[in-house]
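I have placed the structure first, in the form of structure tokens, so that the comments after it can refer back to it.
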Amino acid sequence: MPELPEVETVRNTLKQYVINHRVESVDSYWDNIIVGEVDAFRERIYGQVIHDVKRLGKFLIFELDQDVMISHLRMEGKYFYCDYHDPVEKHTHVCIHLDKGKDLRYHDVRKFGKLQLVDKSNYLEVEPLNRLGKEPFHITVDELYSAFQKTSLPIKTALLDQGMIAGIGNIYANEICFVSKIDPYRKARDLSKEEVALIIEKSIYILNRAIEQGGTSIHTFSSNGITGLFQQQLFVHGKNNQPCQICGSLILKEKINQRGTYYCPTCQEVKKK
DNA sequence: ACGTCCTCCTGTTCGC
DNA sequence: TGCGAACAGGAGGACG
């Protein structure tokens with residue numbers, strides 16, 4: 001499940017391979033990946049050169065000549081950089097054929113990912129990127145506090161809202177609540193400014209640490225694809241019925257707004273069941 | 001305008 | 001053991 005740190009790792013790795021390649025053609029094997037008409041996508045991207053790979057929240061942004069190709073990996077999206085003649089794997093849905101006999105391939109078991117072209121001149125001002133809030137690195141306490149004031153959602157759920165704060169997915173939302181010692185059920189609007197400041201601080205800390213780890217654990221590219229790291233050093237996510245590393249209480253798993261939520265009832269002072 | 005539920009998908013895990 | 005149901009999850013869309 002790529003979140004901001006994983007996408008950043010993918011971006012850094014991908015950059016080393018695809019920059020300065022020209023797109024020669026595109027094959028699509030599952031058309032719902034590409035937003036809009038596949039033929040239009042194919043014609044529009046033809047001949048454009050990849051100049052840079054950027055990231056905003058969990059979106060990858062391939063900077064081309066006239067357009068940007070915006071890519072969201074959702075749950076299981078991966079990129080392969082390989083030779084044109086390499087066999088196409090089962091879950092590879094889009095092959096972007098580059099010059100020099102190379103391919104950039106999009107692979108996604110669940111087929112949830114999206115790929116779309118947007119005019120480069122104003123891509124931040126139109127969908128999908130104009131929906132995004134600021135990332136934890138840039139948002140101010142006042143901005144997040146005031147966004148939280150406008151919702152009745154639990155803090156755990158609010159952290160997942162990309163319009164309020166961008167880049168946090170379910171895994172890190174759980175970790176951030178734990179490390180901040182905040183009850184995931186508490187309404188976001190009930191947090192004090194000090195608590196919001198703590199949330200931001202811990203978010204930055206956790207995301208940066210994950211990015212660092214990703215940067216050192218991504219040596220197996222090219223044939224295996226860029227998958228992003230798989231989380232090490234998690235405190236609560238996926239740890240239900242295991243003892244909390246801080247206090248020894250058993251980590252619980254419950255659903256909050258349909259999402260699996262893991263927490264330590266003691267550290268996070270969760271009273272009601 | 002906001003919250004809730006559904007949809008998109010397939011591989012894995014769970015329950016009978 | 002086998003097989004269907006439930007689950008996992010990001011985000012957009014429908015609906016109230």
Q: Check every nucleotide of DNA chain B for an atom under 4.0 Å from a heavy-atom of chain A, then give the first and the last such nucleotide from 5' to 3'.
A: B/dG3 to B/dG11
[X]: side-chain contact (heavy atoms from CB on, under 4.5 Å) partners, not counting sequence neighbours:
{"X": "A/Val49", "answer": "A/Arg22, A/His51, A/Asp65"}
{"X": "A/Lys181", "answer": "none"}
{"X": "A/His72", "answer": "A/Lys58, A/Phe59, A/Arg74"}
{"X": "A/Leu56", "answer": "A/Ile61, A/Leu124, A/Leu129, A/Leu132, A/Glu135"}

If you look at every strand shown and take non-hydrogen atoms under 4.0 Å, does [X] touch a base, only sugar-phosphate, or nothing?
{"X": "A/Asp108", "value": "nothing"}
{"X": "A/Lys114", "value": "nothing"}
{"X": "A/Leu73", "value": "nothing"}
{"X": "A/Gly260", "value": "sugar-phosphate"}

(Q) I'd like to know if A/Arg42 pairs up with A/Asp39 as an ion pair, taking the criterion as any Lys NZ or Arg NE/NH1/NH2 lying under 4.0 Å from an Asp or Glu carboxylate oxygen. (A) yes
Q: Report the residues that fulfil ring-ring contact (aromatic ring centres under 6.0 Å, His included) with A/Phe235, sequence neighbours left out, ordered by chain and then residue number.
A: A/Phe178
Q: For A/Phe137, enumerate each residue passing the ring-ring contact (aromatic ring centres under 6.0 Å, His included) test, keeping only those at least two apart in sequence or located in another chain.
A: none
(Q) Give the residues of residues 126-152 of chain A touching DNA chain B, defined as any heavy atom closer than 4.0 Å, sorted by residue number. (A) A/Thr151, A/Ser152
Q | Positions of residues 156-167 of chain A (non-hydrogen atom under 4.0 Å from DNA chain B), listed by number | A | none
Q: Check for a donor-acceptor pair, side chain of A/Gln162 on one end and backbone N or O of A/Leu160 on the other, with a separation under 3.5 Å.
A: yes
Q. With no hydrogens and no angle check, is any side-chain donor or acceptor of A/Glu8 less than 3.5 Å from a backbone partner on A/Leu4?
A. no
Phosphate oxygens OP1/OP2 of [N]: is one of them under 4.0 Å from a side-chain N or O of [X]?
{"X": "A/Lys253", "N": "C/dA8", "answer": "yes"}
{"X": "A/Lys255", "N": "C/dA8", "answer": "yes"}
{"X": "A/His72", "N": "C/dG10", "answer": "no"}

Atom-to-atom span, [atom1] of [X] to [atom2] of [N] - whole angstrom:
{"X": "A/Ile256", "N": "C/dA8", "atom1": "CD1", "atom2": "C1'", "result": "17 Å"}
{"X": "A/Asn257", "N": "C/dA8", "atom1": "CG", "atom2": "P", "result": "14 Å"}
{"X": "A/Leu60", "N": "C/dG10", "atom1": "CG", "atom2": "P", "result": "16 Å"}
{"X": "A/Lys111", "N": "C/dA11", "atom1": "NZ", "atom2": "C1'", "result": "19 Å"}
{"X": "A/Gln258", "N": "C/dA8", "atom1": "CD", "atom2": "C1'", "result": "13 Å"}
{"X": "A/Ile70", "N": "C/dG12", "atom1": "CD1", "atom2": "C1'", "result": "15 Å"}

(Q) We want to know whether A/Asp142 and A/Thr140 form a side-chain donor-acceptor pair, criterion being a heavy-atom distance below 3.5 angstrom. (A) no
Q.
Under 6.0 Å between ring centres: does that hold for A/Tyr79 and A/Tyr17?
A. no
Q) Are A/Tyr106 and A/His93 close enough that their ring centres sit under 6.0 Å apart? A) no
Q: Compare the ring of A/Phe112 with the six-membered ring in the base of C/dG10 and state whether they stack (centres under 5.5 Å, planes under 30°).
A: yes
Look for any protein N or O under 3.5 Å of an N or O in nucleotides 14-16 of chain C and output each such pair with its distance, or none.
none

Q) Using 30° and 60° as the class limits, which term best fits the ring planes of A/His107 and A/Phe80: parallel, tilted or perpendicular? A) tilted
(Q) I'd like to know if A/Arg259 reaches the base of C/dG10 with its side chain such that a donor and an acceptor end up less than 3.5 angstrom apart. (A) yes
Q | Pairs where residues 96-106 of chain A contributes a residue and the test salt bridge (Lys or Arg N to Asp or Glu O under 4.0 Å) is met, not counting sequence neighbours | A | A/Asp83-A/Lys102, A/Asp103-A/Arg105
Donor-acceptor list for residues 149-158 of chain A side chains, cut-off 3.5 Å, not counting sequence neighbours:
from: A/Thr151; atom 1: OG1; to: A/Leu153; atom 2: N; distance (Å): 3.0
from: A/Lys156; atom 1: NZ; to: A/Asn170; atom 2: OD1; distance (Å): 2.8
from: A/Lys156; atom 1: NZ; to: A/Thr261; atom 2: OG1; distance (Å): 3.0

